[in-house]
K.L.:
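The structure under discussion is supplied below as structure tokens; questions concerning it will follow.
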Amino acid sequence: MKIFDFFDLDIRKQNQSEFRKIKLLVCTLLLIMSFTIIGYRTISLASINKKNISNTAYTKIENNSFQKNLRGNIYDRNKKILATSISTLSLYANPQEILNKNQTITKLIKIFPNLKKEDLSKKLSSNKKHINLLREISPREYASLLSAGIEGLNIKTINKRIYPNNSLASHILGATDIDGKGIAGVEKKFDSQLQSGRDLTLSIHAGIQHITRTLLLDQIKKFEAEGGAGIIMNAKNGELISVVSLPDYNANNYNSILNENLFNKATKGIYELGSTLKLITAAIAFESNLINENDVFDVSKPLKVSSRIINDFHPLNYAINIPEVIVHSSNIGSAKIAEKFGSSTQLKYLRSLGLLNMLSLEIPELGKPQVIMDKKVLSTMTISYGHGISITPMHLASATATIVNSGFKVDPTLIRGKTEKKNELIISEETSIKMRSIMRLVVSNKNGTAKKAEAPGYLIGGKTGTAEKINPSGGYSKKENIVAFTGAFPMNNPEFIITVMIDNPKGQKFSLGYRTAGWVAAPIVKKLVTRVAPILGVRPQLESSSKFFNNLLDFEIRGKNHGANL
Amino acid sequence: MIRYPSFLIFFVILFVGISLYQIKHFITKKEIELSHIKKNIKTVQTDINILNAELSYLKRPDRIEKIAINKLGLREILPTDIWNLTDLVDATDILNNGEKK
């Protein structure tokens with residue numbers, strides 16, 4: 001029956017119709033599946049995946065565009081660039097890719113005449129795959145290289161640290177190594193900040209830094225000195241306006257500089273700064289309440305202590321009080337004052353003024369003071385006039401600031417707007433006023449040792465110091481000395497500290513053979529204050545002005561032959 | 001009955017596919033453009049850095065000082081060049097009172 005059914009047309013038609021339906025359904029499903037796959041693939045391709053092979057070009061551009069951050073800039077207090085980084089081109093080669101070495105050498109020498117044929121030949125014969133040929137090439141040289149079309153040569157972009165002001169503040173800025181890592185100065189201290197591309201603003205004023213450097217350099221040349229240091233600091237918040245150490249160097253050539261030029265005399269070099277320390281002795285005396293400004297000390301005869309005889313440079317034949325000890329710079333008077341308050345009190349104040357410890361300044365080049373701490377009477381006496389105590393000029397500037405800043409501790413800083421404020425009181429306001437008045441007299445009084453520092457209207461006050469240099473073989477050198485001045489202006493409301501030190505000046509004809517601080521250091525202070533005070537916003541005051549003598553006490557200073565003979 | 005939905009699905013999928021393809025290329029193009037722009041920004045920033053450094057070099061204090069002295073004939077300010085207005089008033093008063101006497 002079934003065979004016959006096959007030949008039955010109706011049955012066949014019915015079967016065919018069902019078969020078509022199934023076929024169509026299968027096709028539809030296949031079509032849907034295909035388009036689903038195509039759709040899925042389209043979506044997956046449409047989504048941006050940077051790792052996708054199809055986006056290789058994108059990845060390449062991305063990598064080229066986002067190079068490592070440039071090292072942060074260093075600015076002065078007025079946002080003037082002191083250090084910055086720029087991208088330069090560097091030339092390297094793969095010797096394996098160079099077919100004709102002689103031709104390459106000839107072409108290279110034509111573009112870079114300074115390259116030596118022998119060196120190039122040696123480098124290009126190497127088995128290495130990467131040879132540095134020139135660390136830095138100019139855009140013009142780059143263009144010449146491209147047009148020369150030399151095979152095997154490659155160019156890469158490198159970052160270079162530059163110091164547009166050359167030697168200005170070089171000791172403070174420091175340097176970076178070939179890989180851009182800070183190796184000295186603030187570059188080292190703030191390396192992580194600068195490496196991450198963040199800028200640094202210093203308290204330094206580029207203009208004042210230049211003026212300080214120029215005047216100091218002039219005086220060093222005039223007196224044929226070995227070097228020197230100059231510091232200008234805000235007396236209230238410790239911000240350093242200028243820090244100069246001479247000899248200095250071009251910061252762009254750090255790696256080719258002699259070690260002695262790299263030495264920072266202002267913050268690392270420790271020196272016996274002589275009579276400038278008498279300021280501290282006088283401040284301790286007032287603060288100890290054991291001595292007042294009217295107590296007198298006989299300085300008419302040299303003082304013999306143990307095996308040592310203490311003399312005065314300008315001997316006086318009468319008994320003098322503390323202001324006169326400072327103005328005449330009497331070693332004998334200072335030693336006798338120190339004897340009265342003793343070693344423990346002296347060391348206590350030296351410590352609290354920060355003269356026994358390293359400073360917390362923001363550079364790595366810092367000197368540690370050396371002080372004789374045997375507590376013997378002789379040591380106490382010599383320390384009182386600056387012998388047996390070696391400190392950096394920066395220590396002296398800091399101590400001076402504390403003395404004139406109503407006794408509040410002033411820590412020097414290189415960072416503008418540093419907010420740390422301790423308000424640590426070291427000496428009283430009363431002592432501070434006495435000290436300011438005495439410091440003013442050292443400059444303004446006709447018997448003062450710093451008369452040559454007087455700049456009319458700016459009320460400069462301070463103290464000079466002349467000390468024989470320590471011989472490396474022991475003892476003191478009679479032929480070599482260190483001269484210094486530390487002070488502030490204007491003394492009726494001290495705003496800025498000025499500390500100057502000159503290393504080993506020689507007596508000159510115009511100085512009548514003298515090489516003391518009064519002849520060498522004091523004149524710089526006058527010139528410096530005259531030039532920088534208007535920039536710092538300190539206006540000259542008239543002596544007739546009612547404010548001129550504000551906060552200043554009047555001490556009588558007797559001259560060489562005006563005292564009662566003893 | 002089967003044919004119409006199949007055609008519909010076919011055209012919808014085709015439309016979506018082409019659209020996505022277009023969007024993908026559009027986005028890729030824009031991303032590349034963005035990268036180029038970023039690269040240009042970087043180049044310009046580098047150029048600005050160089051120009052700033054050059055400007056700093058030209059404005060260095062020793063050079064400005066030389067120009068001020070040699071080309072402009074300027075000199076340093078002396079204390080007598082600066083007057084406080086109150087001091088000036090005081091001085092004028094003293095002078096006027098003196099004249100009256």
Side-chain angles (χ1 to χ4, degrees), chain A residues 21 24-25 27-28 31-32 35-36 38-39 41-43 45-48 50 54-55 57-58 60-62 64-67 70 73 80-82 84-87 157 162 164-166 168 206-211 213-214 455-458 527 530-531 533-535 539-542 544-546, chain B residues 1-3 5-6 9-10 12-14 16-28 30-32 34-43 45-47 49-50 52-65 76-84 86-88 90-91 94:
Chain A
K21 274 183 190 175
L24 204 63
L25 194 69
C27 282
T28 307
L31 208 65
I32 288 171
F35 275 100
T36 309
I38 290 169
R41 183 66 183 143
T42 311
I43 291 166
L45 285 175
S47 60
I48 299 299
K50 284 168 197 170
S54 62
N55 288 321
Y58 171 85
K60 249 187 181 176
I61 294 164
E62 184 88 334
N64 287 340
S65 311
F66 306 110
Q67 289 167 351
L70 278 178
N73 290 343
K80 185 176 163 54
I81 294 175
L82 297 177
T84 188
S85 293
I86 56 166
S87 297
T157 306
I162 59 159
N165 298 290
N166 300 331
L168 194 84
I208 294 175
Q209 178 79 15
H210 164 70
I211 294 168
R213 182 182 180 274
T214 309
Y458 289 117
K527 287 179 195 166
T530 308
R531 285 190 66 181
I535 303 170
R539 292 187 178 85
Q541 299 168 46
L542 285 177
S544 58
S545 159
S546 55
Chain B
M1 285 297 285
I2 296 167
R3 205 164 281 180
S6 298
I9 289 166
F10 174 78
V12 165
I13 291 175
L14 192 68
V16 169
I18 290 169
S19 305
L20 281 171
Y21 224 80
Q22 287 298 318
I23 291 167
K24 178 231 168 173
H25 280 288
F26 179 76
I27 291 170
T28 311
K30 288 294 164 196
E31 285 284 348
I32 292 170
L34 182 67
S35 295
H36 279 298
I37 290 167
K38 281 182 180 173
K39 196 184 174 187
N40 286 343
I41 290 171
K42 192 86 183 171
T43 312
Q45 271 173 347
T46 308
D47 289 347
N49 263 357
I50 293 169
N52 274 335
E54 281 178 2
L55 185 66
S56 255
Y57 180 73
L58 291 172
K59 278 165 65 180
R60 59 190 202 279
D62 58 322
R63 185 173 174 272
I64 298 291
E65 187 184 35
E76 63 192 66
I77 302 169
L78 299 172
T80 45
D81 296 332
I82 309 166
W83 279 85
N84 232 331
T86 48
D87 288 340
L88 205 62
D90 287 349
I94 293 165

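What you see is a predicted model, and the numbers here were worked out from it, not measured in a lab.
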K.L.:
Heavy-atom cut-off 4.5 Å, strictly under: side chain, backbone, both or neither for Ile81(A) against chain B?
P.N.:
both

K.L.:
For residues Ala206(A) and Pro61(B), report the shortest heavy-atom separation together with the two atoms involved.
P.N.:
O-CG, 3.7 Å

K.L.:
Between Arg60(B) and Asn166(A), is any pair of side-chain heavy atoms under 4.5 Å apart?
P.N.:
yes

K.L.:
Has the side chain of Lys59(B) got a donor or acceptor atom that lies under 3.5 Å from a matching backbone atom of Lys80(A)?
P.N.:
no

K.L.:
Of all the heavy-atom pairs spanning Asn165(A) and Ser56(B), show the shortest one and how long it is.
P.N.:
OD1-O, 4.0 Å

K.L.:
Return the set of residues passing side chain to side chain contact (heavy atoms under 4.5 Å, CB included) with Ile77(B) (not counting sequence neighbours), or none when no residue passes.
P.N.:
Pro534(A), Asp81(B), Ile82(B)

K.L.:
Out of curiosity, Asp62(B) CG to Ile211(A) CD1, how far, rounded to the nearest 0.5 Å?
P.N.:
12.0 Å

K.L.:
Quick check: closest heavy atoms across Ser85(A) and Asn49(B), and the distance to 0.1 Å?
P.N.:
O-ND2, 3.4 Å

K.L.:
Select one option (side chain, backbone, both, neither) describing which atoms of Thr84(A) are under 4.5 Å from chain B's heavy atoms.
P.N.:
side chain

K.L.:
Using heavy-atom distances under 4.5 Å, tell me whether Gln22(B) contacts chain A through its side chain, its backbone, both, or neither.
P.N.:
neither

K.L.:
How long is the span from the OG1 atom in Thr214(A) to the CD atom in Glu65(B), to the nearest 0.5 Å?
P.N.:
5.5 Å

K.L.:
Any heavy-atom pair between the side chains of Ile9(B) and Ile32(A) that's under 4.5 Å?
P.N.:
yes

K.L.:
Output all residues satisfying side-chain hydrogen bond (donor to acceptor under 3.5 Å, both in side chains) with Thr46(B), sequence neighbours left out; order by chain, then residue number.
P.N.:
none

K.L.:
Quick one: does Thr530(A)'s side chain get under 4.5 Å of Pro79(B)'s, heavy atoms only?
P.N.:
yes

K.L.:
Of all the heavy-atom pairs spanning Tyr57(B) and Pro164(A), show the shortest one and how long it is.
P.N.:
CD1-O, 3.2 Å

